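Worksheet: the structure to be examined is printed underneath.
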Amino acid sequence: MGFDTRILKADEEGIRLAAELLRKGEIVAIPTETVYGLAGNAFSADSARKIYAAKGRPSDNPLIVHIAQLEEVEKLTREFPEIARRCAERFWPGPLTMVLPKSEAVPFEITGGLDTVGIRFPANKAASEVIKAAGSPLAAPSANRSGRPSPTCAMHVFNDLKGRIPLIIDGDGSAVGVESTVISFENETIRLLRPGFVTPDDLREVSDNVIVDDGVLNCVADNARVSSPGMKYRHYSPKAEVIILDGDIKGFEEYIRKNAGKSDCCVVFTGDRLSVENPTMEYGHNSKEQAAMLFSVLRELDKQGFERAYFRCPDKNGVGLAVYNRLLRAASFRVVKL
Ligand code: AMP
Ligand code: MG
């Protein structure tokens, strides 16, 4: 800590400096197609400690390990089952994390004490170049302070982590905008632990048996042992109280007119016609746009200091399931059925 945090473009000089810092055991923020990641050597317990400290993240919340070549899976796992290979072939590089039995080389500090490791092969060019130049897979959680929304641009990272890390690589914005889909395997069954851009229907192309874990749509108790530890943290919580209004725009309007106070804000779909006195923000026409915009909208709410934010409920299917899953946590599961 106490760093003079630099922001460099993902050019030769930026990649070289990132790799140099990583090889020295430092941690660096890098762009990926999902959200920005805070990366450190995946085989180093010390790097894991630095990541948890910079984020202020509880250390039982495992880190995802990022690779740039398929062969790296062998070093990280004891077993790479056939069904996981089929997922890799279909979705990698891309926004899918697979939970597999970890090898001895991966320290428990990286996996939050679990005997499994989450692995992802990102598609983002800068991410891939940094991993290759660092010469090792990189453990990287989202590069936000714990409890803040995940960062989708370099300035979000800077606002959260300035002074706490030496370098941020500024690449393309995060086109996907929500964190990766996380899955685990039970024989031929795929269990969806966290929804993302890769949807349940996409996964059904690889196996007929796809189960959505209870933690995706339900609140998980603080002391529960869960298959995807991240799901139990409140996460993404803006200062405003978030409330999800589940229904059409007419019902939304009526509810706001009756219930909203002066310092409350409405967040609706782009193109919705809403006629109310409250300030209004938009978060995209469809699920893909909403995934890309959600976290910057949550950050904007914080900046403007609203007391409450009423969100029009996203579609719960496809990529919308990922948007709804994040929003539910931002709302501490407060949903009003209209
Ligand atoms: P992120 O906050 O994007 O770094 O994602 C980390 C999340 O991925 C964790 O909070 C877990 O929900 C999930 N995850 C990572 N590794 C594992 C693992 N070994 N087992 C289960 N879930 C994991
Ligand atoms: Mg995160």
Side-chain angles (χ1 to χ4, degrees), residues 27 29-40 42 47-48 51-52 54-67 73 76-79 84 95-103 106-122 124 127 137-152 156-157 160-161 174 176-186 190-198 211-216 218 220 222 224-237 291 294-295 298-299 322 325-326 329-330:
I27 58 176
I30 59 169
T32 88
E33 72 274 29
T34 56
V35 301
Y36 274 67
L38 182 56
S47 297
I51 290 171
Y52 287 114
K55 280 182 62 92
R57 175 178 177 129
S59 61
D60 66 341
N61 192 355
L63 310 176
I64 291 171
V65 174
H66 294 69
I67 59 174
V73 174
L76 296 164
T77 61
R78 301 193 295 276
E79 216 190 308
L96 178 74
T97 297
M98 296 196 246
V99 173
L100 294 167
K102 82 168 193 68
S103 71
V106 182
F108 283 108
E109 283 81 355
I110 295 282
T111 66
L114 298 172
D115 195 32
T116 52
V117 57
I119 305 177
R120 184 162 98 81
F121 187 152
N124 180 283
L138 300 177
S142 49
N144 51 286
R145 286 298 292 269
S146 193
R148 297 266 295 151
S150 293
T152 50
H156 292 168
V157 181
D160 278 14
L161 297 178
S174 297
V176 171
V178 290
E179 307 85 345
S180 57
T181 303
V182 179
I183 58 172
S184 64
F185 303 99
E186 290 149 25
I190 299 176
R191 178 178 288 276
L192 178 70
L193 301 176
R194 176 174 76 181
F197 195 80
V198 174
I211 300 177
V212 177
D213 192 81
D214 279 349
V216 168
N218 297 300
V220 178
D222 273 351
R225 265 195 71 78
V226 286
S227 34
S228 183
M231 292 287 124
K232 79 181 176 195
Y233 296 103
R234 184 159 168 249
H235 253 187
Y236 327 115
S237 39
L294 178 67
F295 289 139
L298 289 177
R299 281 179 182 259
N325 167 275
R326 307 312 189 270
R329 281 159 179 79

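As a basis for the values below, the full set of heavy atoms in this structure was taken, side chains included, without hydrogen atoms, waters or symmetry mates. We count residues from 1, following the sequence as given. For ligands, and for the atoms within them, numbers begin at 1 and follow the listed sequence. Bear in mind that the values here come from a model prediction, so they are computed numbers and not experimental data.
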- request: Please examine the side chains of His156 and Ser150, heavy atoms only from C-beta on, and report whether any two atoms are closer than 4.5 Å.
  value: no
- prompt: Hey, what do you get for NE2 (His66) to OG (Ser180), rounding to the nearest 0.5 Å?
  reply: 6.5 Å
message: Would you say that Arg299 contacts Asp160 through its side chain, given a criterion of any heavy-atom pair below 4.5 Å between the two side chains?
response: yes
statement: If you compare Lys102, Arg191, Arg194 by their heavy atoms, the one closest to atom 5 (O) of ligand 1 turns out to be Arg194
task: Only heavy atoms count here, so choose which of Met98, Arg57, Glu179, Arg120 is nearest to atom 2 (O) of ligand 1.
output: Arg57
statement: A student comparing Gly118, Gly37, Pro62 should find that the heavy atom closest to atom 23 (C) of ligand 1 comes from Pro62
- prompt: Below 2.8 Å, any N, O or S contact between Ser146 and the Mg ion (ligand 2)?
  reply: no
- prompt: Is any NZ, NE, NH1 or NH2 atom of the basic residue among Glu179 and Arg120 found under 4.0 Å from an Asp or Glu carboxylate oxygen of the other?
  reply: no
Atom pair CD1 (Ile183) and CD1 (Ile190), whose distance is rounded to the nearest 0.5 Å: 5.0 Å
message: Taking Ala143's backbone N and O only, do any of them form a donor-acceptor pair with Lys55's side chain (distance below 3.5 Å, no angle check)?
response: no
query: Of Asn144, Ile64, Ile119, which has the heavy atom at the shortest distance from atom 8 (O) of ligand 1?
result: Ile64
- prompt: Looking at ligand 1, does Lys55 have a heavy atom less than 4.0 Å from it?
  reply: no
- request: Consider only side-chain N and O atoms of Arg194 and Thr97, and report whether a donor and an acceptor are under 3.5 Å apart.
  value: no
field: Close approach of Thr111 to ligand 1, heavy atoms, under 4.0 angstrom
entry: no
message: If the cut-off is 4.0 Å to any non-hydrogen atom of Thr116, which atoms of ligand 1 fall inside it?
response: 18 (C), 19 (N), 20 (N)
Check: Asn61 N/O within less than 3.5 Å of ligand 1 N/O: yes
